[in-house]
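The figures that follow rest on heavy atoms only: side chains count, while hydrogens, waters and symmetry mates do not. Below, read A as the first sequence line, B as the second, and so on, with proteins coming before strands; counting in each chain starts at 1. It should be emphasised that the depicted structure is a prediction, and the values quoted were computed from it without experimental measurement.
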Amino acid sequence: MSSISASESDEELVRLAQDGDTRAFDELVVKYSPRLYGLVYHMTSHKEDTNDLMQDIFAKAYRSLKRFRGKSSFYTWIYAIGTNMTLNFLKKRKRRATWSLDDVDSGIQNDEAMVDIGHASNPRHQSDVNELQKKLNESMQALSDDHRAVVAMFDIQGLPHAEISQILSVSEGTVRSRLFYAHQQLRGHLEEFLR
Amino acid sequence: MNQSQEEDVQKLIRLKRHESPPEEYFENFLEEFQTRQRGELLKQSSFGLFKDRVATWYREQGAVKWVAGAGAAYAGVMAAVFMWPIGNPTKMDDPNMQPASYQPNKGTPLPTVDFPKIENSGSGSTTLREF
């Protein structure tokens, strides 16, 4: 499916959903929830928080759908809602005394791709996949929320700079400088796996 | 940090792409979302639905909506001007109230008050006490 037909399809689904067709909105949920999950999860590093936030994001998108004018793609629009809601959530979570880095999930230690890449990059660390995953999560959590957002969107999700700048309402230069600074910090945290 | 070092960091971070929930998670997610969405729709009051329909109808109008909106605002302002009470409202049910122009008839004697007599046991005579 080409990107043009995909965007046409989105427009049609949005129009139908705006007219009250809940099944059309369900299709948008099915289409975008995996990608949105990736964004939210890599910003929160917490599965339950991610699930709650995803429900809230789609509920808010559904309520606000009539105000969506199509100036940007639906994808950019819902990503902007998701990013803003997640950043607000993270601010609140920081104020909660009960949350700590120990709550960060560990869910990929048995992922084949992760194990293979861990092995290929450095055989010495083959048995340290758990450690690598833990370290990756901790390094991500050590970044500021804004820096983590750009890393999640650019490095993990593969969004281009221009799209990230639109989602975050900042210039492309700001996106690039946040990325550079974030990579510097990550390099410091992940030094042992980079040798 | 040079470009190759930056690329190394990016390669490592990209490993996080493999962190994704199983397929069934998204099926359950949709079901959960639908349940929640229907619940919200049921909670919405009939007035809310009416308001929603009016808002949708209004949005669908072209330039007419601005004329209609201005007309409705003008009608509202005029209704408020004509219906607003001027000055303090007068209470008409007070039985002691007299109009400001009321003058008692000169032939009518003024009302008198009879004071009770006070006994003064010391002097033996009965007089009014002076204040």
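Phe33(B) and Phe58(A) have perpendicular rings, their planes meeting at more than 60° on a 0 to 90° scale where under 30° would count as parallel.
Both the backbone and the side chain of Gln5(B) come within less than 4.5 Å of a heavy atom in chain A. Contact of Phe180(A) with chain B is made through backbone and side chain together, with heavy-atom distances under 4.5 Å. Contact of Arg36(B) with chain A is made through the side chain alone, with heavy-atom distances under 4.5 Å. The contact between Glu32(B) and chain A is made by backbone and side chain atoms together, counting heavy-atom distances below 4.5 Å. Heavy-atom distances place the side chain of Met140(A), and not its backbone, under 4.5 Å from chain B.
With rounding to the nearest 0.5 angstrom, the CZ atom of Phe89(A) is 6.5 Å from the OG1 atom of Thr44(A).
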Let me see the working for Asn137(A) and Lys16(B) under side-chain contact (heavy atoms from CB on, under 4.5 Å), right down to the final yes or no.
-> CA-CA 9 Å; Asn137(A) 279 341; Lys16(B) 283 180 73 65; 2.3 Å; yes
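Taken together through direct or relayed side-chain contacts under 4.5 Å among Ile, Leu, Val, Met, Phe, Trp and Tyr, Leu16(A) and Phe74(A) form parts of separate hydrophobic clusters.
Heavy atoms only, all atoms of each residue included: Ala61(A) and Trp77(A) are closest at O-CH2, 3.5 Å.
Contact tally against chain A (heavy-atom pairs below 4.5 Å) for Gln37(B), Glu27(B), Gln34(B): the top residue is Gln37(B). Considering only heavy-atom pairs separated by less than 4.5 Å from chain B, the leading option among Asp26(A), Thr22(A), Val151(A) is Asp26(A).
Aromatic rings of Phe29(B) and Tyr37(A) (six-membered ring for Trp) have centroids beyond the 6.0 Å cut-off, not under it.
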